[in-house]
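Everything on this sheet refers to the single structure shown next.
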Number of protein chains: 2
Amino acid sequence: MYEGPLQRLIDELSRLPGIGSKSAQRIAFHLLSIEDTDARRLGHSILDLRDQIGHCVRCFNVTANQECTICLDARRDQSVVCVVERPQDIVVIERTNEYRGRYHVLGGSLSPIQGIGPDQLRIPELRKRVESEQINEFIIATNPTMEGDATAMYLAREFKPLGIRVSRLASGLPVGGDLDYADELTLGRALVGRSEM
Amino acid sequence: MYEGPLQRLIDELSRLPGIGSKSAQRIAFHLLSIEDTDARRLGHSILDLRDQIGHCVRCFNVTANQECTICLDARRDQSVVCVVERPQDIVVIERTNEYRGRYHVLGGSLSPIQGIGPDQLRIPELRKRVESEQINEFIIATNPTMEGDATAMYLAREFKPLGIRVSRLASGLPVGGDLDYADELTLGRALVGRSEM
């Protein structure tokens, strides 16, 4: 539709998640209209990302170094590991300011349908950490989905016999939510997980 | 929130039109997870865009050369110029396969509130084209907005005395549309512009 370099950029942008061909075109023309240095900074940021960002050798969080800032922080409780599906989940949990342990990023959740078993996730690496570090507690923070549930159950079954205390984030009503709008599954979990007052 | 290069990319992406901080984060992690060459291709596309794409010296369409492919096409009718606001509009009109003349990109529309007068648009350049080329007809394809209307009226007033036939795209009901859903302004224009059967 457009000449070479412009069409190529639109095609590349269309491949990004959540960007359709209309948005891609809009972004490409935006990049053409702004200051040269501003547009180039985005291009270089993408190249820098791939040059400089990798995974923490211990917990597989994203990091610009060998180990991530959380693993390197000696003040954090090294006996507790919060197990998450993706690096993004770490930021969400950190924002609560309620957790002072370390993390382990699985890289997804168990899904037999998609052919994702324990060895496709970083569960072998988690087992090695249990062997070499002084870990005695897991907090499983996988998503409250079927796959997240299966992953949590698998981890509990595998690691509790090794003497590790395993707990999982509570499922229930969102704070500030309305009972009327809760689906039956969430409400069911909230009932089962109700707390004594 | 994230380490250097990752956070910088998220910040840059958030500046793009239609991309919020959530989408920016999602795209950044997507770029981290895909093949290295695929991610780098997007980065290089942005740099290539700025290196290679400029404006046609004649009509101000986007082009990788001095003149755009439409201006260089000798088979096109050089006596008719379709005046549009943005280069994107050319593609839309080309898709109809109904137009075989050349174009002129104004770079926006008249808007006294935003301080955009005739000299901020490429109207002086259009006047020069009228003087040096064999142009005898304008088809004004500015948007059917208040600014687009003002621009069309201005162009008609300025160029009709120079012997140029000036017409404007019809406003009316969209084909396949429903009378019920037409707003009063559109319906009003459809009435005024009705055609004999």
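These figures come from a predicted structure and were not determined experimentally. Lettering of chains follows the sequences in order, A, B, ..., and the numbering in each one begins at 1.
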Chi angles and distances behind the side-chain contact (heavy atoms from CB on, under 4.5 Å) call for B:R8, A:R41: CA-CA 9 Å; B:R8 275 197 292 277; A:R41 206 167 45 233; over 6 Å; no

Hey, which of [options] has the most heavy atom pairs under 4.5 Å with chain B?
options: A:N65, A:V91, A:L13; answer: A:V91
options: A:D48, A:T63, A:I90; answer: A:T63
options: A:I27, A:L32, A:I19; answer: A:L32
options: A:R40, A:M1, A:Q25; answer: A:R40
options: A:I34, A:L6, A:N61; answer: A:L6
options: A:Q52, A:H30, A:H44; answer: A:H30

Heavy-atom proximity to chain B below 4.5 Å, by part of [X]:
X: A:Q88; result: both
X: A:D11; result: neither
X: A:R86; result: neither

Is it the case that atom [atom1] in [X] sees more than 12 heavy atoms from other parts of the structure closer than 6.0 Å?
X: B:E94; atom1: CD; result: yes
X: B:I113; atom1: CD1; result: no
X: A:R165; atom1: CZ; result: no
X: A:E67; atom1: CD; result: yes

Step-by-step side-chain contact (heavy atoms from CB on, under 4.5 Å) determination, A:R26 to B:L16: CA-CA 9 Å; A:R26 190 166 157 223; B:L16 297 176; over 6 Å; no

Non-hydrogen atoms of B:T69 and A:E3 that approach each other most closely: N-OE2, 3.5 Å

B:D38 versus A:E12, closest heavy-atom pair with distance: O-OE1, 4.1 Å

Check against side-chain contact (heavy atoms from CB on, under 4.5 Å), B:I53 and A:L9: CA-CA 11 Å; B:I53 293 283; A:L9 176 60; over 6 Å; no

Any donor-acceptor pair under 3.5 Å from A:R50 side chain to B:L31 backbone: yes

Most contacts with chain A, counted as non-hydrogen pairs under 4.5 angstrom, among B:G54, B:S45, B:P17: B:P17

